[in-house]
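Below, all heavy atoms of this structure are taken into account, side chains as well, without hydrogens, waters or symmetry copies. Because the structure is predicted, anything quoted here is derived from the model rather than measured.
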Amino acid sequence: QVQLVESGGGLVQPEGSLRLSCAASGCILSVYWMGWYRQAPGKQRELVARISGDGTTDYADSLKGRFTISRVNAWNTVFLQMNGLKPDDTAVYYCYGRISAVAAAAAQDYWGQGTQVTVSS
């Protein structure tokens, strides 16, 4: 069984910063991509950013320059540094991992439970 546990969400004022963390644990063989998606009320879930095991990154175009994703492979942990936050960034942020687990036939996608980020004055 694989679990992803997020932390770091909360309430922040516009132009503020937050750092999200997500750690994968369980019977893990390999962690390929890790990243973040978000879902605002009434909208579809969308990619925020993701990072591969060798450090290749992929960002939503609209968030480049404000958000930075990083990863510590030894900890199976991914971080999302969010700067210059705007009210439109308000959403539930979900951690994602493409992970090969023990006794699994192939790598699968795993999701965290989500953490709320609210940007408001």
Considering non-hydrogen atoms only, spot the tightest contact between Pro14 and Ser121 and give its length.
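Looking at all heavy atoms of both residues, the closest pair is CD-N, 3.7 Å.
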
If you draw the axis of the six-membered ring of Phe79, does the NZ or CZ of Arg19 fall within 45° of it and under 6.0 Å from the ring centre?
yes

How about [X] and [Y]: do any of their side-chain heavy atoms sit closer than 4.5 Å?
X     : Y      : answer
Leu11 : Gln116 : no
Val78 : Val31  : no
Arg66 : Lys86  : yes

Run Ser52 and Tyr32 through side chain to side chain contact (heavy atoms under 4.5 Å, CB included) and show every step you take.
CA-CA 6 Å; Ser52 69; Tyr32 301 102; over 6 Å; no

Show the numbers, then the answer: is there a side chain to side chain contact (heavy atoms under 4.5 Å, CB included) between Leu63 and Asp89?
CA-CA 10 Å; Leu63 300 177; Asp89 295 317; 4.0 Å; yes

Would you say that more than 12 heavy atoms from the other residues, nucleotides or ligands in this model lie under 6.0 Å from the CH2 of Trp75, or not?
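Result for CH2/Trp75: open.
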
Tyr110, Met34: one ILVMFWY side-chain cluster at the under-4.5 Å cut-off?
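Same cluster: Tyr110 reaches Met34 through Ile, Leu, Val, Met, Phe, Trp or Tyr contacts under 4.5 Å.
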
Between Tyr96 and Tyr59, is there a shared hydrophobic cluster once you connect ILVMFWY residues whose side-chain heavy atoms come closer than 4.5 Å?
no

Kindly compute the distance separating CZ (Phe67) from OG1 (Thr57), expressed to the nearest 0.5 Å.
14.5 Å

Kindly compute the distance separating CG (Leu85) from CG (Asp88), expressed to the nearest 0.5 Å.
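CG of Asp88 is found 11.0 Å from CG of Leu85.
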
Are Ile99 and Leu4 close enough, and set up right, to give a side chain to side chain contact (heavy atoms under 4.5 Å, CB included), and what steps lead you there?
CA-CA 11 Å; Ile99 297 170; Leu4 298 179; 4.1 Å; yes

Determine, stepwise, if the pair Leu20 / Glu6 fulfils side chain to side chain contact (heavy atoms under 4.5 Å, CB included).
CA-CA 7 Å; Leu20 305 182; Glu6 302 124 331; over 6 Å; no

